[in-house]
2 protein chains.
Amino acid sequence: MKATFIHGSGDIRVAEIEKPSVIEPTDAIIKITATCVCGSDLWPYRGIQETSEPHQMGHEYVGVVEEVGEQVSTVSPGDFVVGSFCLSDNTCEICTDGYPSRCVNGGFVGEAQAEYLRVPLADGTLVATPGQPEEDLIPSLLAASDVLGTGWFAADEAQAGPGKTVVVVGDGAVGLLGILSAKQMGAERIIAMSRHADRQALAREFGATDIVEERGEEGVAKIKELTGGLGAHSVIEAVGTQQSMKQAIASCRPGEHVGFVGVAHGVSLPGDELFGAEVHLMGGPAPVRKYLPELIRLIFDRAIEPGKVFTKEVALDDIAEGYRAMDQREAIKVLVRP
Amino acid sequence: MKATFIHGSGDIRVAEIEKPSVIEPTDAIIKITATCVCGSDLWPYRGIQETSEPHQMGHEYVGVVEEVGEQVSTVSPGDFVVGSFCLSDNTCEICTDGYPSRCVNGGFVGEAQAEYLRVPLADGTLVATPGQPEEDLIPSLLAASDVLGTGWFAADEAQAGPGKTVVVVGDGAVGLLGILSAKQMGAERIIAMSRHADRQALAREFGATDIVEERGEEGVAKIKELTGGLGAHSVIEAVGTQQSMKQAIASCRPGEHVGFVGVAHGVSLPGDELFGAEVHLMGGPAPVRKYLPELIRLIFDRAIEPGKVFTKEVALDDIAEGYRAMDQREAIKVLVRP
């Protein structure tokens with residue numbers, strides 16, 4: 001089968017490798033219907049994260065179950081499934097506490113930009129959809145696999161909800177879907193921090209009520225101005241840089257909540273600023289599996305259309321072009337069809 | 001009247017100054033019954049925090065109201081009162097949201113190691129006790145003014161409660177009262193990280209079920225060993241150093257809660273460690289005023305005796321000796337009688 005490998009900075013190649021097969025009795029093999037390129041894939045693509053040796057890429061996926069191990073009971077061959085980018089047994093103490101992304105028996109998916117994928121802990125990682133989805137739902141279901149689930153987690157931890165003013169730092173796909181999530185949770189006002197016209201348009205479509213183009217201290221000053229000097233109740237951080245983290249924390253009013261999901265690179269938070277900000281700070285890999293049943297229902301009900309973040313589609317053979325387009329910010333997010 | 005000044009590292013002096021009087025109509029003047037030396041007073045005393053010019057010290061106090069401004073309505077001359085170390089109007093949006101320590105009209109008390117104290121925003125800062133307290137309750141009421149309220153806040157934000165395993169980093173008065181607070185909140189198991197025999201004894205008296213003497217990575221390993229490899233549900237950080245903060249975060253299981261109240265000095269938290277820890281992190285100046293009515297009730301009911309942290313008492317004239325004894329760790333906390 002065909003699979004995607006990174007060989008180094010800017011070097012994405014598709015190679016022919018052996019099709020995966022069931023190894024553990026809890027495995028499932030799925031035929032990938034759609035996969036995509038993640039903002040976090042750009043860290044190694046840009047050389048900010050080192051690639052010591054060539055390895056497979058991809059952790060977002062939807063597809064059809066082809067084969068299952070003998071202990072798998074919740075999904076069967078022929079089922080259309082959405083999976084989390086984190087593996088989880090969904091039964092351990094951490095999973096049942098609501099954090100399957102930190103399952104004691106878990107791990108990460110890393111080989112999804114391919115024709116087939118072996119998913120360990122299939123029962124605890126995959127969720128079958130209620131019947132085969134219509135073709136136009138596939139991008140939205142794919143988004144649920146990571147980018148929507150991650151935005152949803154950030155909004156959930158930021159306690160977005162009725163009466164709340166929400167600030168979203170970052171206008172990539174996760175930030176945009178953080179807006180959609182906050183809107184779905186009933187937030188009263190959603191301020192998107194963005195300076196790209198195309199993303200501002202999608203932000204408004206997803207529910208943003210205000211756009212702030214300023215960044216850093218100027219951005220914080222603008223947020224304070226819009227919130228009676230107090231800052232926002234809920235702040236979603238979806239970038240992962242020093243500037244974005246400090247901007248998120250400083251935009252939050254004392255006692256309130258910041259959910260951060262940008263994978264931190266080169267971030268160092270001064271303790272006195274954290275003490276002085278006095279906000280609830282929570283983030284990490286999103287427990288997508290926890291949210292999947294609800295997200296799938298919302299997508300099947302056509303209540304949300306997160307798939308709009310896919311502004312470009314390529315065939316698996318052309319995935320290098322997908323990486324390039326995302327790196328150059330020509331596309332918000334790129335869907336890949338094996 | 002007599003008041004305490006710091007002139008520089010290790011240099012504490014008592015001087016005669018004018019007695020304060022009502023300036024604003026929301027002020028109260030109280031005659032201090034007892035005040036004390038705080039762990040945070042040791043930062044400038046040790047020269048870790050610079051003293052650019054001599055200034056008054058002290059932010060913990062109980063006393064009797066002597067005079068009030070014309071707008072003060074909740075306390076009257078003759079009332080025995082406990083006050084927060086933070087000033088608050090208790091009516092602004094941040095106060096009513098539960099964070100009076102961050103009142104938009106607030107500030108900090110800084111002149112309490114004296115015979116008299118002017119308290120601005122008296123209605124929102126002071127709480128009168130139900131009648132004059134018996135003499136033996138005074139140390140406990142004084143503790144409520146900061147050190148108990150701060151430990152209580154840390155335990156509250158760490159979500160200590162029934163079924164929870166709590167870790168307390170720091171065996172100073174705040175850490176010890178964090179133990180008392182967690183016990184009062186119903187925590188199942190309370191692990192005190194301490195290597196001082198006298199403090200271990202008080203920790204056990206306050207409710208600690210386990211003592212861990214190891215620190216840093218060894219301390220974290222021990223906590224993991226005691227918690228089935230997962231870490232604690234609730235972690236109270238009551239020191240404020242790089243080591244204690246990292247130790248606290250690493251001792252917490254994913255998805256759970258760290259309350260930090262040690263005033264951060266030289267702390268810098270790597271973003272990737274925060275992302276990897278995936279814990280709820282919250283801390284800052286404690287909203288003591290919010291807890292005062294409940295804490296006063298518990299003390300009057302003799303359900304708790306936080307005053308046990310005062311292991312030494314001095315007259316105001318001898319307060320320099322109080323600083324010295326705390327600095328040398330000869331006393332856990334020093335009560336001062338004007």
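Keep in mind that this is a model prediction, so the values were computed, not measured. Reminder, nothing fancy here: chain letters follow the sequence lines and each chain counts from 1. No hydrogens, no waters, no symmetry mates; every other heavy atom, side chains included, goes into these values.
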Look at the side chain of [X] and the backbone N and O of [Y], then say whether any donor-acceptor pair between them is shorter than 3.5 Å.
{"X": "Thr209(B)", "Y": "Ile190(B)", "answer": "yes"}
{"X": "Glu278(A)", "Y": "Met282(B)", "answer": "no"}
{"X": "Arg189(A)", "Y": "Thr165(A)", "answer": "no"}
{"X": "Thr125(A)", "Y": "Ser88(A)", "answer": "yes"}

(request) Mind ranking Gly229(B), Ala264(B), Pro285(B) by heavy-atom pairs under 4.5 Å with chain A and telling me who comes out on top? (result)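 Of the options given, most contacts go to Pro285(B).
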
(request) Would you mind telling me which of Asp272(B), Val258(B), Leu274(B) has the largest number of heavy-atom pairs within less than 4.5 Å of chain A? (result)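 Ranked by contacts with chain A, first place is Leu274(B).
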
(message) Using a 4.5 Å heavy-atom cutoff, which residues in residues 92-102 of chain A come close to chain B?
(response)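 Within residues 92-102 of chain A, the residues under 4.5 Å from chain B are Glu93(A), Ile94(A), Asp97(A), Tyr99(A), Ser101(A), Arg102(A).
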
(request) Using non-hydrogen atoms and a 4.5 Å limit, figure out which bit of Val104(A) sits close to chain B: side chain, backbone, both or neither. (result)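 Answer is side chain: those atoms of Val104(A) sit under 4.5 Å from chain B.
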
(request) Below 4.5 Å from any heavy atom of chain B, which atoms of Leu230(A) appear? Answer side chain, backbone, both or neither. (result)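 For Leu230(A), the side chain is the part near chain B, not the backbone.
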
(message) Can you tell me how far apart CG (Leu281(A)) and CZ (Phe260(B)) are? Round to the nearest 0.5 Å.
(response)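 If we round to the nearest 0.5 Å, Leu281(A):CG and Phe260(B):CZ are 8.0 Å apart.
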
(message) Under a 4.5 Å cutoff for heavy-atom pairs, which residue among Glu256(A), Met245(A), His265(A) has the most contacts with chain B?
(response)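 Most heavy-atom pairs under 4.5 Å with chain B: Glu256(A).
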
(request) Give a yes-or-no answer on whether the side chains of Ser244(A) and Glu237(A) include a donor-acceptor pair shorter than 3.5 Å. (result)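 Distance-only check passes for Ser244(A) and Glu237(A).
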
(request) Give a yes or no on this: more than 12 heavy atoms of other residues, nucleotides or ligands lie within 6.0 Å of atom CD of Glu217(A). (result)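 It does not: Glu217(A) CD has 12 such atoms or fewer within range.
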
(request) Please state whether the side chain, the backbone, both or neither of Gln242(B) comes within less than 4.5 Å of a heavy atom of chain A. (result)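 Neither part.
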
(request) State which residues pass salt bridge (Lys or Arg N to Asp or Glu O under 4.0 Å) with Glu60(A); sequence neighbours excluded, sorted by chain then number. (result)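 So Glu60(A) forms a salt bridge (Lys or Arg N to Asp or Glu O under 4.0 Å) with Lys333(A).
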
(message) Checking side-chain hydrogen bond (donor to acceptor under 3.5 Å, both in side chains) between His280(A) and each of His257(B), Glu157(B), His280(B), which is the one that passes?
(response)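 That would be Glu157(B); it is the only one of His257(B), Glu157(B), His280(B) passing the side-chain hydrogen bond (donor to acceptor under 3.5 Å, both in side chains) with His280(A).
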
